[in-house]
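Here is the structure we will look at, set down as structure tokens.
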Amino acid sequence: MNEKPIVAITMGDPFGNGPEITVKALAKPELYDTCRPLVVGDASCMEYAIQVAEQVSGLKEKLHVIKEVSEALFEPGTIDLIDLGLIKPEQIPHNVENGKPAPFHIGACKLGGEAAFQYVIKVIDMAMKNEVDATVTNALSKEAINMAGHHYSGHTEIYAEYTHTKHYTMMLAHDNLRVVHVSTHVSLREAIERVKKPRVLEVIRIANEGCKALGIEKPKIAVAGLNPHCGEGGLFGREEIDEIQPAIDEAMAEGICIPDKKPTPPDTVFSKALGGWYDIVVCMYHDQGHIPLKVKGFVYNHKLGHWDAVAGVNITLGLPIIRASVDHGTGFGHAGNGGANELSLQNAISYAIQLAKHRKH
């Protein structure tokens with residue numbers, strides 16, 4: 001039992017899809033064979049999500065409210081919850097349409113943002129105190145947390161500040177496609193300005209160590225160019241020549257494996273990665289990495305009118321603690337009706353377990 005890592009899961013925005021997918025993910029008994037999960041959130045939200053899950057999916061979970069990790073049962077069929085008591089039952093809409101649960105239709109708000117932020121800093125504190133082995137985050141709304149006065153551009157920046165981490169990056173992963181970013185939540189104009197040798201080299205190093213933490217002994221790294229055709233020898237921009245290539249040269253001198261030995265054109269690098277040429281791709285900005293991951297992981301069934309898969313994991317590399325997250329948003333437009341897809345949360349928990357076991361050994 002003690003070999004199984006303890007994984008603390010944030011509930012996410014209380015008016016988003018986090019409570020629903022948490023219930024669905026923790027309803028799978030086999031999860032308890034690999035870890036000891038617990039949730040940090042609000043009992044009012046989780047109780048309602050359990051009711052909806054029973055009505056819509058036939059699941060019969062029970063809630064076990066605790067104050068300390070030592071009180072958790074870690075038993076299938078029972079969800080252990082550290083209740084922060086921030087959302088009152090009457091603040092949860094019990095919408096019904098045609099006899100079935102309906103979406104909340106609340107969206108981003110100050111109340112939800114404050115609650116979601118508090119869940120995050122609670123699990124960070126627990127991990128920093130070694131009370132848990134890994135943390136997993138459900139989606140929060142950047143707009144909502146800023147409405148609540150917490151001026152961060154996302155989970156990554158919150159974790160970096162509260163763990164006092166200066167050198168970090170976001171990694172997205174789905175199956176054998178992994179990407180990391182030189183910059184994330186900034187304007188495209190600023191992202192271009194951030195493509196500098198020191199940062200590119202730093203992200204290459206973090207990507208190399210991140211892959212090793214996943215059990216890849218000798219990671220093969222691709223470094224995407226910034227400009228079309230990698231600048232075509234300076235015709236379309238000089239970032240590849242002046243900033244990216246020098247970072248690649250120094251990384252290779254350190255023994256890091258970059259098979260192409262130069263920047264790889266962004267329009268082909270992801271197809272090659274899917275083909276097994278590389279273990280991870282260093283991307284120059286947010287959408288360069290996010291778009292291919294979500295094209296692969298998000299599958300919409302037009303005929304049936306729902307998502308067959310919402311897969312992918314967001315991991316923050318470089319932290320002193322483990323953080324994995326769903327790779328989707330709060331789903332405000334659909335949250336509350338029991339139709340949210342839990343696959344990304346399952347993937348995030350699996351990655352957290354893998355990272356925790358590697359770190360422990």
Practice prompt. State, yes or no, whether a side-chain contact exists between V96 and P101 at a heavy-atom distance under 4.5 Å.
Written response: no
Worksheet item: Do the side chains of L317 and Y168 get nearer than 4.5 Å, heavy atoms only?
Response: no
Item to complete: May I ask you to decide whether E250 forms a salt bridge with R205, counting only side-chain N to carboxylate O separations under 4.0 Å?
Response: yes
Worksheet item: Is it true that the side chains of Q51 and E47 contain a donor and an acceptor less than 3.5 Å apart?
Response: no
Worksheet item: Any ion pair linking K197 and E243 (charged N to carboxylate O, less than 4.0 Å)?
Response: no
Fill in: Sidechain N-carboxylate O distance under 4.0 Å for E342, K28
yes
Item to complete: Take the angle between the ring planes of F117 and Y162 and call it parallel below 30°, perpendicular above 60°, tilted in between.
Response: perpendicular
Discussion item. Whether the D260 and Y278 side chains hold a donor-acceptor pair (N or O, under 3.5 Å, no angle test) is what I'd like checked.
Written reply: yes
Worksheet item: Looking at side-chain heavy atoms only, is the closest gap between Q91 and S44 below 4.5 Å?
Response: no
Discussion item. Is a donor from one side chain sitting under 3.5 angstrom from an acceptor on the other, for T22 and N138?
Written reply: yes
Worksheet item: So, do Y285 and H181 have ring centers that fall under 6.0 Å from each other?
Response: no
Discussion item. I want to check something: taking the side chain as every heavy atom from C-beta on, are F332 and P103 in contact at a cut-off of under 4.5 Å?
Written reply: no
Item to complete: Give me the one residue out of V182, V203, N227 that meets side chain to side chain contact (heavy atoms under 4.5 Å, CB included) with M284.
Response: V182
Discussion item. In the structure I gave you, are the side-chain heavy atoms of H64 and I79 within less than 4.5 Å of one another anywhere?
Written reply: no
Worksheet entry | Between T135 and R323, a side-chain donor and acceptor under 3.5 Å | no
Response to the item:
When every non-hydrogen atom of A340 is compared with those of I21, the smallest separation belongs to CB-CG2, 3.4 Å
Worksheet entry | Test applied, ring-ring contact (aromatic ring centres under 6.0 Å, His included); reference residue, H185; option that passes from H155, H286, H151 | H286
Worksheet entry | Side-chain touch R194/I192, heavy atoms, less than 4.5 angstrom | no
Discussion item. What I'd like to find out is whether the side chain of M126 reaches to under 4.5 Å of the side chain of I82, using heavy atoms alone.
Written reply: yes
Item to complete: Using a cut-off of 6.0 Å, state whether more than 12 heavy atoms not belonging to H334 lie near its atom NE2.
Response: no
Worksheet item: If you count the non-hydrogen atoms of other residues, nucleotides and ligands that lie under 6.0 Å from NZ in K272, is the total more than 12?
Response: yes
Worksheet item: Can you get from V281 to L274 by hopping between Ile, Leu, Val, Met, Phe, Trp and Tyr side chains that sit under 4.5 Å apart?
Response: yes
Discussion item. Just checking E68: does its CD atom have more than 12 heavy atoms from other residues, nucleotides or ligands closer to it than 6.0 angstrom?
Written reply: no
Discussion item. Quick check for you: to the nearest 0.5 Å, what is the distance between S325 atom OG and I315 atom CD1?
Written reply: 9.5 Å
Discussion item. For H229, is the NE2 atom crowded, meaning more than 12 foreign heavy atoms sit under 6.0 Å from it?
Written reply: no
Worksheet item: Any side-chain heavy atom of I204 sitting closer than 4.5 Å to one from V180?
Response: no
